[in-house]
Every structure is written in structure tokens, then in C-alpha cells.
There are 2 protein chains.
Amino acid sequence: MVDRRSGVPAFRQVAADLREKITAGTYAAGEQLPSERDLVDTYGVSRPTVREAVNMLRTEGLVVAEHGRGVFVRPPASIQRVARSRLSREARERNRGAFLADAAARGFTPSTSVKIRFEEADARVAAHLAIDEGAEVTVRDRVMRADGLVVQLAVSRLPRTITRGTAIEDVNTGPGGAYARLEERGHQLGSFVEHVGARMPTPDEASLLQLADGVPVITVTRVAYAFDGLPVEMNDMVLAADRYELSYEWPAD
Amino acid sequence: MVDRRSGVPAFRQVAADLREKITAGTYAAGEQLPSERDLVDTYGVSRPTVREAVNMLRTEGLVVAEHGRGVFVRPPASIQRVARSRLSREARERNRGAFLADAAARGFTPSTSVKIRFEEADARVAAHLAIDEGAEVTVRDRVMRADGLVVQLAVSRLPRTITRGTAIEDVNTGPGGAYARLEERGHQLGSFVEHVGARMPTPDEASLLQLADGVPVITVTRVAYAFDGLPVEMNDMVLAADRYELSYEWPAD
DNA sequence: CAGTGGTCTAGACCACAGT
DNA sequence: CTGTGGTCTAGACCACTGA
């Protein structure tokens with residue numbers, strides 16, 4: 001029952017009570033919560049009020065609702081640790097990119113589909129690639145799947161001046177991938193920088209990545225620099241935050 | 001007006017229309033949306049339906065509602081880029097930790113409050129620190145502020161076996177911070193690993209970090225390893241995703 | 001004070017899952 | 001078929017903001 005005189009909104013009291021019972025284990029992972037109509041009786045509030053409480057828990061990622069079945073405590077997703085800062089030349093040459101390497105190591109069937117297009121650099125792209133705004137860039141738009149399930153979106157952009165006439169402008173970049181083509185053209189890779197952030201997904205991303213309510217996405221912008229310090233590629237990646245964790249390693253000195 | 005026969009729920013149509021007008025710039029950043037009662041007239045739906053649409057945009061982080069004022073398009077927050085993988089011994093000795101270094105470089109007044117406690121390692125802590133579950137750990141629980149505003153939560157854990165008798169068990173760790181004390185005791189630092197993820201905040205975190213609806217947190221677990229490969233410290237950090245971006249850098253070879 | 005968002009009710013009907 | 005969540009209404013009153 002909710003305390004009407006406490007000043008705390010009823011739906012917040014209901015949400016807090018349910019939240020506490022979930023974290024305390026009264027409702028275990030995967031278990032079904034009482035139906036909304038039961039909660040109406042339990043707490044003495046109307047159904048919209050109960051629904052508002054449950055919605056709160058949904059946006060927190062604590063529970064998932066399944067139409068016609070019930071509301072369930074979200075089981076903690078198994079998180080894949082993805083080691084970054086390991087794109088050694090060796091690894092690059094052995095594999096067709098970090099994603100496929102990860103996938104192969106984990107034993108599921110990877111597949112990617114690629115679309116190529118060309119566009120003019122906006123301010124952000126221009127800044128990362130150290131080119132003029134409006135300059136032409138080659139865009140490789142990839143959807144990566146594991147066993148058919150979309151697990152990552154990646155948009156790679158390179159100045160067109162260094163991709164013209166190479167297989168980078170083809171869907172199939174050939175053995176070693178785009179990085180190998182760059183090195184053949186004399187753009188020896190010197191270093192990588194990754195900028196990592198997080199935000200809520202757009203509706204498009206949510207449906208593509210099949211994200212439940214309350215699951216953010218991790219955004220990674222990787223910039224590859226040639227030995228001379230000039231950026232040659234930027235790659236915007238979007239990952240489901242309930243399935244991925246990124247690991248970075250570096251020496252103390 | 002919404003299309004009643006399309007099968008798409010009314011509140012989704014309203015949300016989609018508003019979302020599109022926001023991204024298209026019809027409602028610019030910081031600008032006020034029409035009042036809920038105006039939207040009722042515009043779309044021909046009830047107020048709860050309008051509110052559900054607006055709530056959707058709120059959990060997406062697109063708009064913020066201010067009681068008594070109106071609903072506003074969230075202006076893109078200014079994002080701080082925090083360079084990781086730069087905790088060189090030099091930098092550690094010059095400063096009192098990475099956070100204070102960041103703060104000093106940016107010209108705001110930093111402050112932190114620390115609480116010390118001791119606890120038994122749970123499974124996760126034990127795994128990261130390579131100790132037995134139940135072994136005693138020293139916990140340094142920090143709240144970091146910039147100009148009084150909470151910007152980061154950090155919980156540092158070390159095996160008690162290596163902190164006993166050192167200033168690491170005091171609120172004030174002395175010049176150079178906890179890492180300096182570790183090195184004095186012969187635990188020369190060899191490397192760092194950071195595990196980066198994201199999730200929605202708990203209600204506690206949301207109020208502490210003053211997060212608006214629809215803003216996730218970035219979680220960073222940094223593990224410091226001694227030269228002999230043994231972990232000496234783990235640090236769980238929580239950052240507001242709309243204010244921080246982490247940058248990692250590494251050579252291509 | 002008027003206008004805004006915040007909360008809440010008591011219903012109604014629909015769509016889906018599982019028996 | 002029953003029970004579940006999903007959508008929607010027409011109102012009511014409260015709490016906050018700012019003129």
C-alpha cells in the first residue's frame with residue numbers, strides 16, 4: 001500500500017518498492033512480476049499509476065514487458081569483453097578486421113553487409129580527418145551480424161583523395177581489408193585513437209540492434225593515423241551496451 | 001493530426017512527428033515545444049496520449065521538461081574529452097590523480113570527498129584483484145566535484161594485505177596519492193587495463209550526478225597491475241554520458 | 001493571476017500468449 | 001477461452017513559474 005500523505009508520488013512509491021524487491025531477490029532474475037491488475041489491488045492505485053511505475057523500471061532497464069505474457073525481471077545479459085588497443089599489424093593481416101577476429105574467436109558465424117557511398121565532410125568529419133569541410137569522403141556503411149543477429153553498426157569514412165582508384169571504394173576490399181590497401185598505397189599506419197561515449201539509441205538503432213527499453217548504446221569513434229601523423233580513416237561504431245564492454249590496456253610508463 | 005487507421009499507435013505518431021521536427025530544426029535546440037494542451041488540439045488526441053509521446057522523447061534524451069515552464073529541446077551538452085592511457089609516472093607524481101589533473105587543466109575548482117571502509121571481496125572484486133572471495137579489501141569511496149557539481153563517482157578497492165599500515169587506509173593518502181604509496185612499498189606499477197561499459201543510472205546516481213531523463217552513465221573499471229603482473233587496485237568509476245567522452249590511444253604495432 | 005507540467009482516476013477496448 | 005500487457009479517453013486537481 002502506498003502512503004498518501006508522504007508527498008512522494010504514488011507511482012514512485014510503487015516503483016521504489018518493486019525495485020527494492022528486485023534488487024533484494026524477492027523477484028529473481030527472469031522471474032515474472034505480479035500482473036498489473038494484481039499490483040492495482042496490492043498497492044491500492046489505478047492501473048495507469050501502476051503502469052507508470054512499471055514503465056519507470058523499464059526505462060531503467062530493470063524489467064522487460066512481454067505483450068500477453070507478463071513483466072519479467074531482466075536477466076543480466078552476458079557481456080562480451082572486446083579487447084581494443086590490439087589492432088596489431090599481424091592481427092590485421094591475419095584477419096579481415098577486428099570484428100571478424102572477435103567473432104571467429106568466439107565461435108559464432110559472422111556476416112557483414114556493406115554499402116558504399118560518397119558524401120561531403122561535415123564539421124565533425126572534417127575535424128577528425130583534418131580535411132576541409134565539404135571535401136569528398138568515401139563512406140563504408142557496415143551492418144555486422146553474429147548468427148544473423150545485428151550486433152554492431154559501423155560507418156567508416158576516408159578522404160576520397162586517398163581511396164580513389166583503390167579497392168576501398170569497392171564493396172570487397174580484398175585480402176587484409178581496407179587497412180592493407182592503405183598500406184599498399186604508402187599510408188603506413190602509425191596509431192589509433194578511440195573516442196568512447198554513450199547515449200540512448202535512436203528508434204532506428206533500437207530496432208536494428210533489437211534493443212530492449214532502457215538499454216543505451218556505446219559509441220566509438222576510431223581514428224586511424226598514418227606514420228606521418230595524418231588521419232587516414234575514421235570509423236563510427238555503435239554497440240548495444242548490454243552486450244559489450246570494451247577493454248583498453250596500456251603500460252604504466 | 002494522427003492517422004487512426006494506420007495501426008500505428010497515436011502516441012508513437014505524435015512522438016515521431018515531434019522527433020522529426022526537432023531533428024529537422026523546426027524546433028531548434030533550447031527552443032520550447034508547444035504546450036501539452038496545444039498539442040492536444042494539434043493532433044486531436046487526449047492529454048495522456050500527448051504526455052506519453054513527450055515522455056518517449058524524454059527517455060530518448062531529446063527534450064527536457066521543466067515544471068511550470070514548458071518542454072524544451074535539449075541543447076547538445078558540451079562534452080569533455082578525457083584522455084586515458086596517459087597515467088605516466090611523471091603525471092602521477094605531479095598531480096593528485098587523473099581527475100585533479102583534468103580539473104586543473106580545465107580551470108574549474110575541483111574537490112573530492114573520500115570515505116574509507118573495509119569489506120569482503122565479492123566474486124567480481126575477487127576476480128579482478130586475483131584474490132579469494134571473502135578476502136578483506138580496503139575501499140576508498142570518492143565523490144568528485146567540479147565547482148561544487150558532482151561530476152564523477154569512484155570506488156577504489158585494494159587488497160588489504162598491501163594497504164595495511166600505509167596512508168592508503170587514511171582519508172589523506174599524502175603526496176602523490178595512493179599510487180605513490182604503493183610504489184614506496186615495492187609495488188611498482190606495470191600496466192593499466194580499463195573496462196568500459198554503459199547503462200542507465202540507478203535513481204541514486206541520477207540524483208547525485210543530476211542527470212536528466214534519458215542520459216546513461218559510462219562505467220569504467222580500471223585495474224592497475226604491478227610489474228610482476230599482479231593486480232594491486234581496481235577503480236570503479238561512473239560518469240555522466242552527456243558530459244564525458246573517453247579517449248584512448250595506442251600505436252599500430 | 002494564468003499557463004505550464006505532474007499526478008491520478010475509472011473506466012473502455014484492443015492485441016497477443018497460452019490453455 | 002482467460003489473462004496478460006498496450007492504447008486511449010475525459011476529466012480532475014496539484015505544484016511550479018513568471019508576469
Side-chain angles (χ1 to χ4, degrees), chain A residues 1-18 27 30-74 203 206-207 212-214, chain B residues 1-18 27 30-74 203 206-207 212-214:
Chain A
M1 277 295 182
V2 303
D3 177 2
R4 251 44 226 248
R5 297 158 314 178
S6 71
V8 180
F11 78 92
R12 285 183 194 282
Q13 294 184 45
V14 174
D17 192 62
L18 292 173
Y27 303 128
E31 201 176 323
Q32 184 172 6
L33 260 54
S35 78
E36 294 179 350
R37 285 155 181 94
D38 284 349
L39 295 174
V40 165
D41 296 338
T42 307
Y43 293 103
V45 296
S46 70
R47 184 144 95 98
T49 301
V50 164
R51 278 188 65 79
E52 197 162 356
V54 172
N55 277 335
M56 209 172 166
L57 302 182
R58 291 215 287 167
T59 63
E60 288 170 21
L62 266 182
V63 301
V64 286
E66 297 184 28
H67 195 171
R69 299 225 311 131
V71 177
F72 301 84
V73 178
R74 159 113 43 106
S207 69
D213 292 330
Chain B
M1 278 294 183
V2 303
D3 177 2
R4 249 49 224 248
R5 296 159 314 177
S6 71
V8 179
F11 78 91
R12 285 184 193 282
Q13 294 184 45
V14 174
D17 192 62
L18 291 173
Y27 303 127
E31 200 175 324
Q32 184 172 5
L33 261 55
S35 79
E36 294 179 351
R37 286 158 180 89
D38 284 349
L39 295 173
V40 165
D41 296 338
T42 307
Y43 293 104
V45 296
S46 69
R47 185 146 93 100
T49 302
V50 163
R51 278 188 66 79
E52 197 162 358
V54 172
N55 277 336
M56 208 172 166
L57 302 182
R58 291 214 286 166
T59 63
E60 287 171 21
L62 265 183
V63 301
V64 285
E66 296 183 29
H67 195 170
R69 299 225 310 132
V71 177
F72 301 84
V73 178
R74 160 116 39 108
S207 69
D213 292 329

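Chain letters run A, B, ... following the sequence lines, proteins first and then strands; every chain starts at 1.
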- Note on the structure: Span of DNA chain D engaged by chain B, first through last nucleotide within the 4.0 Å heavy-atom cut-off, is D:dT7 to D:dG18
- Message: Assess the residue pair B:V2 and B:V45 against the criterion (side chain to side chain contact (heavy atoms under 4.5 Å, CB included)); give the C-alpha distance rounded to whole Å, side-chain angles, the decisive distance to 0.1 Å, and a yes or no.
- Response: CA-CA 8 Å; B:V2 303; B:V45 296; 4.0 Å; yes
- Message: Identify the stems formed by DNA chain C, where each pair is Watson-Crick or G-U wobble with both distances under 3.5 angstrom and a stem is at least 3 consecutive pairs.
- Response: C:1-18 with D:1-18
- Message: Applying side chain to side chain contact (heavy atoms under 4.5 Å, CB included), can you list everything that pairs with B:A212, at least two apart in sequence or on another chain?
- Response: B:V64, B:R74, B:V215
- When every non-hydrogen atom of A:F11 is compared with those of A:T49, the smallest separation belongs to CB-O, 3.5 Å
- Considering non-hydrogen atoms only, spot the tightest contact between A:S46 and A:V40 and give its length. C-CG2, 3.9 Å
Using a cutoff of under 3.5 Å, can you pull out all pairs of nitrogen or oxygen atoms linking the protein to nucleotides 3-5 of chain C, with atom names and distances?
from, atom 1, to, atom 2, distance (Å)
C:dG3, N2, B:G68, O, 3.0
C:dG5, OP2, B:E36, N, 2.9
C:dG5, N7, B:R37, NH1, 2.9
C:dG5, O6, B:R37, NH2, 3.1
C:dG5, N2, B:H67, NE2, 3.1
C:dG5, N3, B:H67, NE2, 3.3

- Can you list the steps and then say if B:Y43 with B:L18 is a side chain to side chain contact (heavy atoms under 4.5 Å, CB included)? CA-CA 11 Å; B:Y43 293 104; B:L18 291 173; 3.7 Å; yes
- Taking all atoms of both residues into account, what is the closest heavy-atom pair of A:A15 and A:L57, and its distance? O-CD2, 3.8 Å
- Item | salt bridge (charged side-chain N to carboxylate O under 4.0 Å, His left out) pairs, two or more places apart, involving residues 4-16 of chain B | B:D3-B:R5
- Decide yes or no on side chain to side chain contact (heavy atoms under 4.5 Å, CB included) for A:D213 and A:T59, but give the supporting numbers first. CA-CA 5 Å; A:D213 292 330; A:T59 63; 5.5 Å; no
- Item | Short side-chain to backbone donor-acceptor contact, B:Q32 and B:Y27, under 3.5 Å | no
- Listed in order of residue number, which residues of residues 2-13 of chain A have a non-hydrogen atom at under 4.0 Å from DNA chain C? A:R4, A:P9, A:A10, A:F11, A:R12
- If you take all heavy atoms of B:M1 and B:D41, which pair is closest and at what distance? CE-O, 4.3 Å
- Under 4.0 Å between any heavy atoms, over every strand shown, what does B:V45 touch: base, sugar-phosphate, or nothing? Just pick one. sugar-phosphate
- Provide the closest heavy-atom pair for A:V73 versus A:L33 in the form atom of the first, atom of the second, distance. CG2-CD1, 3.7 Å
- Find the distance between OG (B:S35) and CZ (B:R69) and round it off to the nearest 0.5 Å. 14.5 Å
